[in-house]
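Just so you know, ligand 1 is whichever comes first in the structure, and atom 1 is the first atom listed for that ligand. All of these numbers come straight from a predicted model, not from anything done at the bench. Values below: all heavy atoms of this structure, side chains included; hydrogens, waters and symmetry mates excluded.
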Amino acid sequence: MSGTNTQTKQTEGAEATVPQSIVVEPVRGGNGLKGVMRVPGDKSISHRAIILGSVAAGETVVHGLLEGEDVLRTVAAFRAMGVEITISEKGIYSIHGVGLDGLSEPDHVLDMGNSGTGMRLLTGLLASQSFFSVVTGDDSLRTRPMGRVIQPLTRMGAVILGRDGGRLAPLAIRGRELLPLEHQTGVASAQVKSAILLAGLNTAGVTQVTEPALSRDHTERMLTGFGAVIQRDGLTVTLEGWPDLKGQTIRVPGDISSAAFFLVAGLLCPGSDLLIEGVGINPTRTGLLDLLAEMGAGLTLSNERLEGGEPVADIGVGFAELKGITVPPEVIPRAIDEFPIFFVAAALAQGQTVLAGAGELRHKESDRIRAMALGLNQLGARVEEHGDGVIIQGRPEGLEGGVTVDSLTDHRVAMSLAVAGLRCKNPVTILRTANIATSFPNFVQQLNNIGGMIATS
Ligand code: S3P
């Protein structure tokens with residue numbers, strides 16, 4: 001179904017199709033979405049595998065790395081700091097770790113593209129290196145708040161300069177020896193927590209981070225696997241500096257944040273029967289599964305296992321008549337990346353859905369409250385935007401569509417609106433979709449493989 005103008009971006013080890021815009025046809029009748037599938041590797045875990053593999057001693061071998069643009073930026077950054085990263089024919093990445101003090105000064109700016117995780121985690125790591133570096137990103141990333149990592153790192157003694165009084169990238173980092181810190185974060189943010197922990201790796205003494213609610217804990221789990229002394233006590237994590245990190249073999253599970261689009265698509269399209277194999281179900285990431293269950297979804301988890309310290313399962317989904325809910329505030333950090341697609345489920349559910357206390361959504365790749373309210377309302381949904389949330393009156397009969405909407409360059413907004421398009425009466429065009437390649441390069445192909453009809457241009 002691809003149009004003629006589809007751009008193909010060739011990156012080493014990955015060929016990603018990058019549609020500038022997409023046209024979604026409704027799934028008609030009871031045809032549904034059917035098949036057995038896998039989604040690409042977890043983005044959060046992939047970044048961390050490259051980072052920790054680079055500063056460990058010896059070789060780290062990564063199976064199933066997400067070859068999306070965000071992670072490939074992190075790969076490029078470590079290569080620019082002298083780390084040899086090779087890719088076998090089977091897409092297996094080998095990282096020849098240089099140890100905590102083995103990175104070398106990059107001779108150019110490190111461009112993290114669209115990736116908040118890449119920029120924030122690297123800023124933490126680089127703050128305690130013995131060299132100068134500059135990190136930057138695309139138009140979206142250069143508007144996202146960096147003060148939340150700069151402020152605690154500065155308390156450790158870091159020297160980081162940025163635009164807007166040190167709140168916005170590009171960031172210039174004069175790496176130096178730091179002091180350990182006991183820090184209480186203002187938001188439940190794995191990026192802030194991880195930036196501090198990564199700074200603490202190369203810092204003598206004990207670094208401690210306490211969060212208001214538990215954010216994703218992949219950094220802690222992976223550090224344990226690499227041999228660090230790291231402990232959790234409730235919402236507090238404690239790390240001893242200068243650990244002996246040893247290269248590991250890492251199997252990256254499928255990204256639940258990518259599986260989320262297919263789970264909701266399966267629930268919304270009558271006649272669907274999907275099985276998504278090998279999805280990471282770390283409890284700090286499964287908030288969407290809880291929300292969907294409360295809405296009436298009958299998701300099945302099978303073949304549950306532990307792979308490299310991370311829980312994994314196959315998830316089955318079929319059509320369900322969903323009903324609106326009030327989102328319990330404690331679920332928000334565990335579902336933070338899934339609210340765009342959750343809004344789609346709510347827009348097509350019976351009754352009212354209420355979300356409050358989710359102001360963090362305004363600081364993602366786009367203002368996701370604004371972007372989704374705009375896009376869904378243009379499709380015919382009833383979404384009322386509030387300061388830190390939304391109220392949605394569902395339309396289980398389906399949306400109108402027949403219009404052109406804008407993803408505002410946000411990958412998750414683009415994919416969520418595409419799923420909404422499956423349940424519109426008329427085709428929907430979505431503009432500025434190229435950033436789908438940051439997290440899910442083959443999204444369109446995979447949706448078409450299971451019965452979607454999406455054309456790209
Ligand atoms: C991520 C943490 C989350 C999430 C992002 C990935 C990570 O951001 O939204 O997509 O890998 O640590 P915050 O830490 O800002 O909540």
Side-chain angles (χ1 to χ4, degrees), residues 40-52 65-66 68-71 73-74 112-125 137 140-141 143-153 167 169 183 185-199 209 211-223 235 237 252-253 255-261 280 282 284-288 310 331-342 357-369 371-372 388 410-416 435-436 438-440:
D42 187 280
K43 182 151 71 73
S44 295
I45 295 174
S46 295
H47 280 295
R48 286 157 173 83
I50 298 295
I51 295 171
L52 294 186
L65 187 89
L66 168 64
E69 284 177 11
D70 277 12
V71 174
R73 296 276 180 173
T74 295
M112 306 317 294
N114 193 240
S115 178
T117 306
M119 178 170 287
R120 295 200 179 103
L121 269 54
L122 244 69
T123 300
L125 186 80
S140 153
L141 188 51
T143 65
R144 295 180 64 186
M146 293 298 143
R148 53 179 62 192
V149 290
I150 294 172
Q151 188 252 336
L153 293 170
R167 284 188 287 270
H183 186 74
T185 63
V187 281
S189 162
Q191 294 179 358
V192 174
K193 172 177 62 178
S194 302
I196 298 168
L197 293 174
L198 291 173
V209 188
E211 308 183 83
L214 185 58
S215 64
R216 63 192 67 193
D217 64 356
H218 305 301
T219 303
E220 298 93 301
R221 285 176 188 250
M222 203 181 282
L223 274 170
L235 297 173
V237 194
V252 181
D255 197 328
I256 192 166
S257 299
S258 296
F261 302 107
N282 180 317
T284 61
R285 297 284 300 281
T286 49
L288 179 74
E310 290 281 349
V331 178
I332 294 172
R334 297 176 48 240
I336 193 67
D337 289 342
E338 282 65 75
F339 282 104
I341 192 63
F342 171 75
E360 273 296 292
L361 295 177
R362 296 202 183 270
H363 304 295
K364 297 296 178 186
E365 286 83 331
S366 70
D367 173 344
R368 286 183 172 162
I369 293 178
M372 287 306 298
D388 63 357
D410 184 324
H411 57 135
R412 298 203 199 282
V413 171
M415 291 185 273
S416 299
N435 275 340
I436 288 175
T438 62
S439 67
F440 201 160

Problem set entry | Lys/Arg N to Asp/Glu carboxylate O, D337 vs R216, below 4.0 Å | yes
Exercise. Is it true that D410 and R368 have a side-chain N and a carboxylate O under 4.0 angstrom from each other?
Worked result: yes
Problem set entry | Distance-only polar pair, side chains of S115 and R73, donor-acceptor under 3.5 Å | no
Quick check for students: name every N or O atom pair between ligand 1 and the protein closer than 3.5 Å, with distances.
from: ligand 1; atom 1: 8 (O); to: Q191; atom 2: NE2; distance (Å): 3.4
from: ligand 1; atom 1: 8 (O); to: K364; atom 2: NZ; distance (Å): 3.2
from: ligand 1; atom 1: 9 (O); to: D337; atom 2: OD1; distance (Å): 2.6
from: ligand 1; atom 1: 9 (O); to: D337; atom 2: OD2; distance (Å): 3.4
from: ligand 1; atom 1: 9 (O); to: K364; atom 2: NZ; distance (Å): 2.7
from: ligand 1; atom 1: 10 (O); to: D337; atom 2: OD1; distance (Å): 3.3
from: ligand 1; atom 1: 10 (O); to: D337; atom 2: OD2; distance (Å): 2.7
from: ligand 1; atom 1: 11 (O); to: S44; atom 2: OG; distance (Å): 2.7
from: ligand 1; atom 1: 11 (O); to: R48; atom 2: NH1; distance (Å): 2.9
from: ligand 1; atom 1: 11 (O); to: T117; atom 2: OG1; distance (Å): 3.4
from: ligand 1; atom 1: 12 (O); to: R48; atom 2: NH2; distance (Å): 2.6
from: ligand 1; atom 1: 14 (O); to: S189; atom 2: OG; distance (Å): 2.6
from: ligand 1; atom 1: 14 (O); to: A190; atom 2: N; distance (Å): 3.0
from: ligand 1; atom 1: 14 (O); to: Q191; atom 2: N; distance (Å): 2.8
from: ligand 1; atom 1: 15 (O); to: K364; atom 2: NZ; distance (Å): 3.3
from: ligand 1; atom 1: 16 (O); to: K364; atom 2: NZ; distance (Å): 3.2

Problem set entry | Residues K43 and S257: side-chain donor-acceptor under 3.5 angstrom | no
Problem set entry | E69-T438 side chain donor-acceptor pair, cut-off 3.5 Å | no
Seminar exercise, completed: For T185, the side-chain hydrogen bond (donor to acceptor under 3.5 Å, both in side chains) test, sequence neighbours excluded, returns none
